[in-house]
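Quick notes on the structure that follows.
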Amino acid sequence: MAANAADIINGAPADHIRAMLQALANSDSAVKSRIHTGLEILTAYYSDDDEENDQDDSDEPLTTSFSHLKRKRGSVGVPELDICNRPDCRQPFIPGDIDDDGTNADVACQFHPGKLLLDEAADSWEGWIYEHDGAMDSDASREINPSGFTYECCDEPGDTEEDGCTMDRHLSSRPSKASGGQKKQRRG
């Protein structure tokens with residue numbers, strides 16, 4: 001029987017894990033962002049316990065402030081990180097009550113709750129040829145040509161640089177742990 005990912009990671013030497021994280025970070029900017037945020041969270045979590053925190057000095061300083069995170073008195077070990085399951089977010093966070101650690105506040109996650117709807121009038125469809133480019137209303141087209149779609153929740157274009165129109169708690173990627181508070185509309 002094959003070992004699960006947790007067993008493989010827990011048994012791997014630290015330098016192997018670092019090499020793997022560096023390779024993943026170099027392969028994809030979204031993955032790099034999630035790794036960076038996760039390490040910032042862990043760094044802030046241990047910031048009040050410098051004897052146990054033997055971090056290397058980095059060329060890239062941590063930029064996001066997670067200073068509100070502190071180890072709870074009596075807590076042992078590394079906190080368990082989760083990755084938000086919302087496609088517009090996918091950021092790491094420490095699951096738990098927002099009053100305890102602040103990483104999963106009711107406004108921690110910004111996302112679009114609506115689907116991307118085809119906007120056939122968008123300029124980006126000019127010259128689109130079905131036989132060559134495929135169907136306009138498809139998952140592949142949403143990846144290739146997001147400006148040809150709008151979010152049904154706020155009518156923002158699919159390629160908007162803005163954060164999502166709705167704020168809520170991060171959504172756990174683990175099916176056994178449900179999170180989610182009341183959604184807060186950021187824009188009308």
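Reckoned from all heavy atoms, side chains included, excluding hydrogens, waters and symmetry mates. Please read all numbers here as calculations on a predicted model, not as lab measurements.
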Under a 4.5 Å cut-off applied to non-hydrogen side-chain atoms, are [X] and [Y] in contact?
X      : Y      : answer
Gln91  : Ser33  : yes
Tyr151 : Pro113 : no
Asp28  : Leu24  : no

Short question: side chain of [X], backbone of [Y] - any donor-acceptor pair under 3.5 Å?
X      : Y      : answer
Thr160 : Glu156 : no
Glu152 : Leu117 : no
Asp88  : His112 : yes
Trp125 : Met136 : no

(Q) How about CG on Asp15, more than 12 heavy atoms from neighbouring residues, nucleotides or ligands closer than 6.0 Å, or not? (A) yes
Q | With Asn145 via side-chain hydrogen bond (donor to acceptor under 3.5 Å, both in side chains) - residues at least two apart | A | Ser124, Ser147
Q: Using the test side-chain hydrogen bond (donor to acceptor under 3.5 Å, both in side chains), find all partners of Asp155 that sit at least two apart in sequence or belong to another chain.
A: none
If Ile, Leu, Val, Met, Phe, Trp and Tyr residues are connected whenever their side-chain heavy atoms lie under 4.5 Å apart, and connections chain through other members, are [X] and [Y] in the same group?
X      : Y     : result
Phe111 : Ile83 : no
Ile35  : Ile9  : yes
Ile8   : Met20 : no

Q.
Just to verify, which of His170, Arg90, Arg34 counts as forming a side chain to side chain contact (heavy atoms under 4.5 Å, CB included) with Cys84?
A. His170
(Q) To the nearest 0.5 Å, what is the distance between SG on Cys153 and NZ on Lys115? (A) 12.0 Å
Q | Separation between CG of Asn85 and CG of Leu171, rounded to the nearest 0.5 Å | A | 5.0 Å
Q. Which atom names give the shortest non-hydrogen contact between Ser172 and Asp82, and what distance separates them?
A. OG-OD2, 2.5 Å
Q.
Tell me the closest heavy-atom pair linking Gly134 and Trp128, and the distance in Å.
A. O-NE1, 2.8 Å
Q: I would like to know whether Asp168 and Arg86 meet side chain to side chain contact (heavy atoms under 4.5 Å, CB included); could you show each step before the answer?
A: CA-CA 11 Å; Asp168 199 353; Arg86 299 185 203 282; 3.5 Å; yes
**Q.** side chain to side chain contact (heavy atoms under 4.5 Å, CB included) assessment of Cys109 paired with Met167
**A.** CA-CA 5 Å; Cys109 180; Met167 294 183 281; over 6 Å; no
Q) Could you go step by step and tell me if Asp119 and Phe149 meet the side chain to side chain contact (heavy atoms under 4.5 Å, CB included) rule? A) CA-CA 5 Å; Asp119 179 5; Phe149 296 86; 5.8 Å; no
